[in-house]
Visitor: 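My structure is below; once you've seen it, I'll send some questions.
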Amino acid sequence: MTVKKMQKRLFGTNGVRGVVGKDLTPELVIAIGEALGSMRKGSIAVGRDTRTSGEMLMKAIKSGLLAAGCNVVDCGILPTPALQYIVKGQFDAGVMITASHNPPEYNGVKVIEPDGTEMGDEETVKLEQRIFDRSFIIEPWDKIGKETLAPALIEQYIIAITHQFPGQPGKGMAVVADPGSGPACLTTPRILTEIGCRVITINGIMDGNFPGRLPEPSEDGLKNCAALVRSSGAAFGVAHDGDADRAVFIDENGRFIEENQEFALIAQHICHHKKGVVVTPVSTGQIVEMVVKRENCSLAYTPVGSIYVARTMRLLLEQGKPIIFGGEGNGGLIFPEHQFCRDGGMTAAMMVFLLASTGKKLSELVDQLPKRAIIKDKITTKEGVKILEFLKSVHPRDILDETDGVKIFKGNTWALIRTSGTEPIVRIIIDSDTRDKGIEFYNEVKNQIDRALKE
Ligand code: MG
């Protein structure tokens with residue numbers, strides 16, 4: 001049993017996102033604050049990433065929350081997982097102003113529940129309804145909330161991670177950290193230094209213009225990071241997206257590690273030492289299932305979106321299942337003993353620990369993983385539902401999984417076809433043991449989609 005997806009109007013899989021001043025206005029953010037403050041009375045922690053619009057939108061969210069009578073604790077600039085860690089057990093809710101990996105002109109709002117997880121669909125639908133109905137509880141002059149500044153709370157997050165890696169496992173290891181001018185400038189170099197590494201930082205000054213690279217840590221964007229890893233002789237490079245809930249890696253030869261391989265590598269390590277269940281969306285590469293099963297552990301699959309992974313992990317844990325790890329195939333990994341959200345800083349520290357405990361080079365570890373070929377494509381169409389129905393009808397004898405879209409299994413190969421919740425797009429992923437087989441299955445699925453569109 002996994003957490004199901006619900007249709008939302010304003011919030012996507014990762015909160016509200018949009019171009020600042022166009023889709024995402026201060027008026028909308030004030031309304032989100034007023035609505036959330038009316039639903040979650042109490043003490044609310046707020047934080048933001050380094051975007052140029054961050055200060056403006058932070059003031060808007062605070063205004064809405066204070067008007068609704070909440071007390072606001074401003075944690076300043078910090079990674080999303082740092083705010084989630086701070087909120088957990090200490091606040092009645094949290095709000096993060098971030099657009100994660102989106103380009104600089106974007107920003108967004110992410111709502112955090114008292115347990116540190118992102119707000120689930122059921123509560124988000126209620127929050128949206130309040131915004132549309134303008135059903136706010138605006139307090140009179142003598143019941144308006146108070147604001148406190150607490151930039152030092154970020155220390156709690158750094159300590160929580162470093163305490164999990166005692167004995168300085170990074171001693172003698174040089175690491176290149178690329179926070180991409182984002183909030184991890186304040187955390188990842190510190191975390192890595194405190195667990196013993198010698199840290200060389202690139203794009204390490206916070207800047208919402210992102211002068212060095214865009215917030216998405218793509219292979220292309222990390223060319224300078226990769227060159228620095230090679231020239232410095234570092235053990236690896238680690239880079240984050242714009243709010244540092246994701247971490248991606250460069251090996252000692254400057255090679256970008258595909259994120260499913262990264263997930264598989266860390267899953268393999270965790271499953272080797274603990275037995276239990278790994279939770280991940282249906283879109284994650286087969287390589288993860290292969291290494292997890294090889295270590296006699298099992299998987300639970302969820303709809304696509306980190307929130308479904310985190311909430312399913314919690315749900316299964318409450319049911320007594322041994323949940324040991326979770327994550328997505330984009331470098332967003334969840335360590336349940338630390339917290340139930342993706343955490344880039346924790347992932348960076350884990351990589352140090354993994355290399356120190358295996359005594360191997362990152363490239364060697366990656367080369368030992370099973371080989372898979374992944375093909376990704378997207379089609380712009382509003383006919384997503386029609387396409388999915390057609391695909392189900394033409395694959396009656398294949399194993400189908402409908403957790404999110406349609407996943408069609410054919411021997412060692414699968415195809416996942418799913419519609420986007422926010423754009424008129426149908427996404428296709430093919431995961432195969434050989435590239436030729438993958439291309440063959442892709443062509444078959446693509447022909448069927450073309451037929452569905454002609455019907
Ligand atoms: Mg992110």
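Bear in mind the structure is a predicted one, so any value in this text is a computation, not a measurement. All ligand and atom numbering here is 1-based and tracks the order in the structure.
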Visitor: Here's a test for you: under side chain to side chain donor-acceptor pair (under 3.5 Å), which of Glu289, Gln268, His272 qualifies with Arg294?
Guide: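 Among Glu289, Gln268, His272, the one that satisfies the side chain to side chain donor-acceptor pair (under 3.5 Å) with Arg294 is Gln268.
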Visitor: Begin from the C-alpha positions of Arg418 and Asp404 and carry the test salt bridge (charged side-chain N to carboxylate O under 4.0 Å, His left out) through to its verdict.
Guide: CA-CA 7 Å; Arg418 45 182 287 272; Asp404 195 342; 3.7 Å; yes
Visitor: Would you be so kind as to tabulate the donor-acceptor pairs closer than 3.5 Å made by side chains of residues 59-66, with sequence neighbours excluded?
Guide:
{"from": "Lys62", "atom 1": "NZ", "to": "Asp74", "atom 2": "OD2", "distance (Å)": "2.6"}
{"from": "Lys62", "atom 1": "NZ", "to": "Glu147", "atom 2": "OE2", "distance (Å)": "2.6"}

Visitor: Have a look around the Mg ion (ligand 1) and list protein N/O/S atoms under 2.8 Å, or say none.
Guide: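 Counting only protein N, O or S atoms under 2.8 Å from the Mg ion (ligand 1), the list reads Ser100 OG, Asp241 OD2, Asp243 OD1, Asp245 OD1.
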Visitor: If we count only N and O atoms by modelled type, under 3.5 Å, do the side chains of Arg372 and Gln261 hold a donor and an acceptor together?
Guide: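 Checked: Arg372/Gln261 side chains show no N/O donor-acceptor pair below 3.5 Å.
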Visitor: Taking the six-membered ring for Trp and the single ring otherwise, decide whether the centroids of Phe325 and Phe263 are under 6.0 Å apart.
Guide: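 Between Phe263 and Phe325, which both carry aromatic rings, the centre distance is below 6.0 Å.
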Visitor: If you measure from OG1 on Thr358 to NE2 on His269, what distance do you get to the nearest 0.5 Å?
Guide: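 Output value for this atom pair is 7.5 Å.
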